[in-house]
> 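Got a structure here, written out as structure tokens. Questions coming.
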Amino acid sequence: MSTPLISARGLTKKFGDFTAVNGIDFDVYKGESFGFLGPNGAGKSTAMRIIGATSQRTSGTISILGKDPEINGPQIRAHLGVVPQQDNLDMQLSVTENLYIYGRYFGLPRKFVKQKVEELLAFAQLEEKRDAKVENLSGGMKRRLTIARALVSEPEILMLDEPTTGLDPQARHILWDRLFRLKEQGVTLLITTHFMDEAEQLCDRLIVMDKGSIMAEGSPATLIKDYSSKEVLELRFGSDRNQAVADQLRSMCERIEELPDRVLMYTEDGEELLERVYAANLHPKTSLVRRSSLEDVFLRLTGRTLIE
Amino acid sequence: MAVAIADARAGKRGERVYSGRVLQLLERGYIAFKSSTYMIVISGFLEPVLYLLSFGYGIGKLLPTIAVGGETIKYAAFIAPALLATSAMNGAIYDSTMNVFFKLNHDRIYHGMLATSMGPLDVALGEIGWALIRGFSYACAFMVVIAPLGLVVSAWGLLAIPAAVLIAFGFASCGMAVTSYMKSFQQLEIVNMILLPMFLFSGSFYPITVFPQWLQFVVNLLPLSHAIDLVRGLCLGHINFGLAGHALYFVVMIVVGLFFTTKRLNALFMK
Amino acid sequence: MSIINIRQGSLVLVDAAKVQSRGAIYVAQARIRQMMKWIWMILGIAIANPVLYLISVGIGLGGLIDKSVGSAGVDGVKYLTFLAPALLAQAAIQGTMDETVFPTLEGFKWHKTFYSMNSTPLTGTQISYGVFLTALFRAFYTVVLYFIVMWLFGAVNSPRAWLAIPTAIFAGASFGALMQALAGRLEDENIFFVVLGRFVMMPLFMFSGTFFPLTSMPFFLQWIGWISPLWHATELGRHLTYGHEVSPTMVWVHFIFLGIMLVAGLFFSARIFTKRLAK
Ligand SMILES: Nc1ncnc2c1ncn2[C@@H]1O[C@H](COP(=O)(O)OP(=O)(O)O)[C@@H](O)[C@H]1O
Ligand SMILES: [Mg+2]
């Protein structure tokens, strides 16, 4: 295997006594799409900021493009495109000016930036808003602009911290499509998310994080294979009865999870299991058979759901 | 119980804009005040004192006395009433512009308030009432500083305190009315841009009689010059009908200001 | 639906070495672009301010003072002449303060633009210097405009008076650098503005010998002037515009005081910016 673009060992970040990132190891290779999946507060953004060479680690080692961010921060950042969790656009400037100025920060020639800005406006579908003040854009437009801005330098690594949080479903799908095309062009993607569907759609490989630590690592498919069954049967008996029937259900399959509003049953064949449930004279109010997802992996690993 | 209060004014005139709940709003102001920093409170009092110390002492050495109304008085005694009037204005303007603007546009506090049985006039009076309480305390505190220094020549000077409250009321009503029409923070800057020339030309530091006729005429239209003349007249014991005219000026400001504030808040929230 | 081409890639085009040497200028360019959106308002205030003060205090109050002090004058000259250099320095200080404090708060807190700058090859030190350069630019044109107004009012009485322009900017730079460092550490700005306005700016304005000689203040209040960049710059300005007497030693003292403030301000500001960004 080739040498990784990013390689971390025992990476740790403390804020005072609080450990936000707790000794994590990972490698990211050229051209892959690598994800950090975890609930709010897992330490994803903190890890991203260390990789982005803007936040100092407390201990451990990390090398990005073969360099140490502590020593070569600017040289590393020259090759990164960063989309922070919260848009930090320049509210007083126009859409075009935001892109242009940001390109200039990389020391890019004026001519190149001007041409790039036109491309990016088309990419982000903001041509009609080119002279609008950023203050007056909608949330989705701001997000697209932030992503376009990260591309102005044609980065080798594009880092996106929760790229679609706060976007409507349609906007999310458009964005996923764009990111997919960038990947096809060989851009290495680093994505954090607390949406399991986003992780499944976009990531070749991911780490599942919780409370600053890595819980598991692998491709979405292998993670599901390793930590969950093929199918899941979701049953609702009404909040007062879920617990009462749980013991009976437990004996009917490999594993169950009781959530406040429903019971999840893990099995290789959901329909068949549902029939057995009915046969046992248990009548759920609603039932749903689905394939296992990363959500189930997370539940298995931590006993909690991704979105609380 | 709550219903009884809300109903108390039902059927009375103006029930749509006023529910008689000013006290509750003042209470909110008090709670917010308690949690604000003492620095801010103290600083409002400090402002006129620093001016007095600097100008009264420093300029007083260059210009020991000044002639007003055929009488020669100490320079410090000349500026002290003006500083009282100006600080009443500044406090009221700050409370009714900056403060109100943020509540209106950022914190959205009024949305919550007006979703209850309160009307816009309650909100306006509550906000302004708080500005008045502050103005009153600052005026008293300033009096305590200047009276022992012999800068209040006449016993009429005691009336300068209610006069300061009246001035604050006038500025706060108009300030709030103007603010309720503002859309951006930059527009607020305009308020500050008007305040500076008004402060510099309204006769705080010397009688406006040094100006040419036309400029005197313009200055006499400005509210601050009426405020200064009113307070100065009282502190120096120059009592005449002119003072009533100055007071009337502020009564008109209060009425006009409240009218437009209520109207605007109604349009904004009671659609 | 258009896609973008990643053609040359950052490997070829991005020039980290160029950014290393010119980063602060890039930041200043962006800041100046923002400033240009308000430039008419800034220029309006920059002209209106001296005109209003010089007429109201310089001529209005000055007329009475000149009559009162007679031929001795204030420090030997007309009050207007005495006042003008102080207001010149004050204009520089106000200009740099506005242009350091607000952008710093915006960058760290309001819009977090410094964090986006820092995600490019730009460093905290460069961002801090870039903001400072912009403030210098604003001080420069504000002071030049003020000086022209002063001259039109007849408050310039010496051929080398124009040298008061750089000394005023120097004071603005010193104070601005310090304020920038302070603003860089700020978490809660509401109280800061009140404290800054009423406990720092106002006392400095009132007690730096701006409106009357500092020596006419009681001794226990004169120290405010000594630590005030405004007083140091005013002394130099008065010396240059009408020959106010300042001993050569004191000229050095004024320069060294402002110089130390400037260097310390820049040093701490760069450090504070870097640390806060890397948190
Ligand atoms: N600057 C900071 N100071 C103190 N604590 C922080 C700071 N940034 C993040 N944290 C804490 O570190 C933890 C991880 O935060 P973060 O990396 O933002 O998580 P995520 O992005 O996975 O939601 C959280 O508990 C957060 O409160
Ligand atoms: Mg995060």
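Each chain gets a letter, A, B and so on, in the order its sequence line appears, and its residues count up from 1.
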> Could you grab the distance from atom CD1 of B/Ile66 to atom OG of C/Ser68, nearest 0.5 Å is fine?
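One gets 9.5 Å once the value is rounded to the nearest 0.5 Å.
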
> Give, for atom NZ of C/Lys67 and atom CG of B/Leu63, the distance between the pair rounded to the nearest 0.5 Å.
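Here the interatomic distance stands at 10.0 Å.
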
> Tell me, with the steps shown, if C/Leu221 and B/Leu53 meet side-chain contact (heavy atoms from CB on, under 4.5 Å).
CA-CA 10 Å; C/Leu221 280 176; B/Leu53 190 58; 3.7 Å; yes

> What is the distance from atom CD1 of C/Ile55 to atom CG of B/Leu200, rounded to the nearest 0.5 Å?
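Rounded to the nearest 0.5 Å, the CD1-CG separation comes out at 10.0 Å.
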
> Are there over 12 heavy-atom neighbours, none belonging to C/Trp110, within less than 6.0 Å of that residue's CH2?
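Atom CH2 in C/Trp110 is packed in, count exceeds 12.
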
> Is the CH2 atom of C/Trp151 crowded by more than 12 outside heavy atoms at less than 6.0 Å?
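Result for CH2/C/Trp151: open.
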
> Which answer fits C/Ile45, side chain, backbone, both or neither, if we ask what part of it has an atom under 4.5 Å from a heavy atom of chain B?
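The answer is the side chain of C/Ile45.
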
> Just how far is it from atom CG of C/Leu64 to atom CZ of B/Phe205, taken to the nearest 0.5 Å?
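It is 13.0 Å, given to the nearest 0.5 Å.
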
> To the nearest 0.5 Å, what is the distance between CE (B/Met193) and CG (C/Asn49)?
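One gets 11.0 Å once the value is rounded to the nearest 0.5 Å.
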
> Drop me the distance from C/Ile65's CD1 to B/Ile59's CD1, to the nearest 0.5 angstrom.
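If I round to the nearest 0.5 Å, the distance is 4.0 Å.
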
> Taking C/Gly44, C/Gly63, C/Gly209, C/Pro218 one by one, which has the highest count of heavy-atom pairs under 4.5 Å against chain B?
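Greatest number of close heavy-atom pairs with chain B: C/Pro218.
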
> Is the CZ atom of C/Arg276 crowded by more than 12 outside heavy atoms at less than 6.0 Å?
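Buried by this count: over 12 neighbours within 6.0 Å.
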
> Does any heavy atom of chain B fall under 4.5 Å from the side chain of C/Tyr79, the backbone, both, or neither of them?
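C/Tyr79 touches chain B through side-chain heavy atoms alone.
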
> Is the backbone N or O of B/Phe201 less than 3.5 Å from a side-chain atom of C/Ser56, with the two atoms forming a donor-acceptor pair by type?
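Judged by distance alone, no pair lies under 3.5 Å.
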
> Non-hydrogen atoms of chain C under 4.5 Å away: do they reach the side chain of B/Leu50, the backbone, both or neither?
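Both parts, backbone and side chain.
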
> Is the CZ atom of C/Phe140 crowded by more than 12 outside heavy atoms at less than 6.0 Å?
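Incorrect, the count does not exceed 12.
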
> Look only at the side chain of B/Tyr51 and the backbone of C/Met206, and say whether a donor-acceptor pair between them is shorter than 3.5 Å.
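No, B/Tyr51 side chain to C/Met206 backbone: no donor-acceptor pair under 3.5 Å.
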
> Return the orientation label for the C/Phe212 and B/Phe55 ring planes: parallel under 30°, perpendicular over 60°, tilted otherwise.
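Geometry flag for B/Phe55 against C/Phe212: perpendicular rings.
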
> Is the number of heavy atoms from other residues, nucleotides or ligands within 6.0 Å of CZ (B/Phe136) greater than 12?
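At most 12 heavy atoms, drawn from other residues, nucleotides or ligands, come within 6.0 Å of this atom.
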
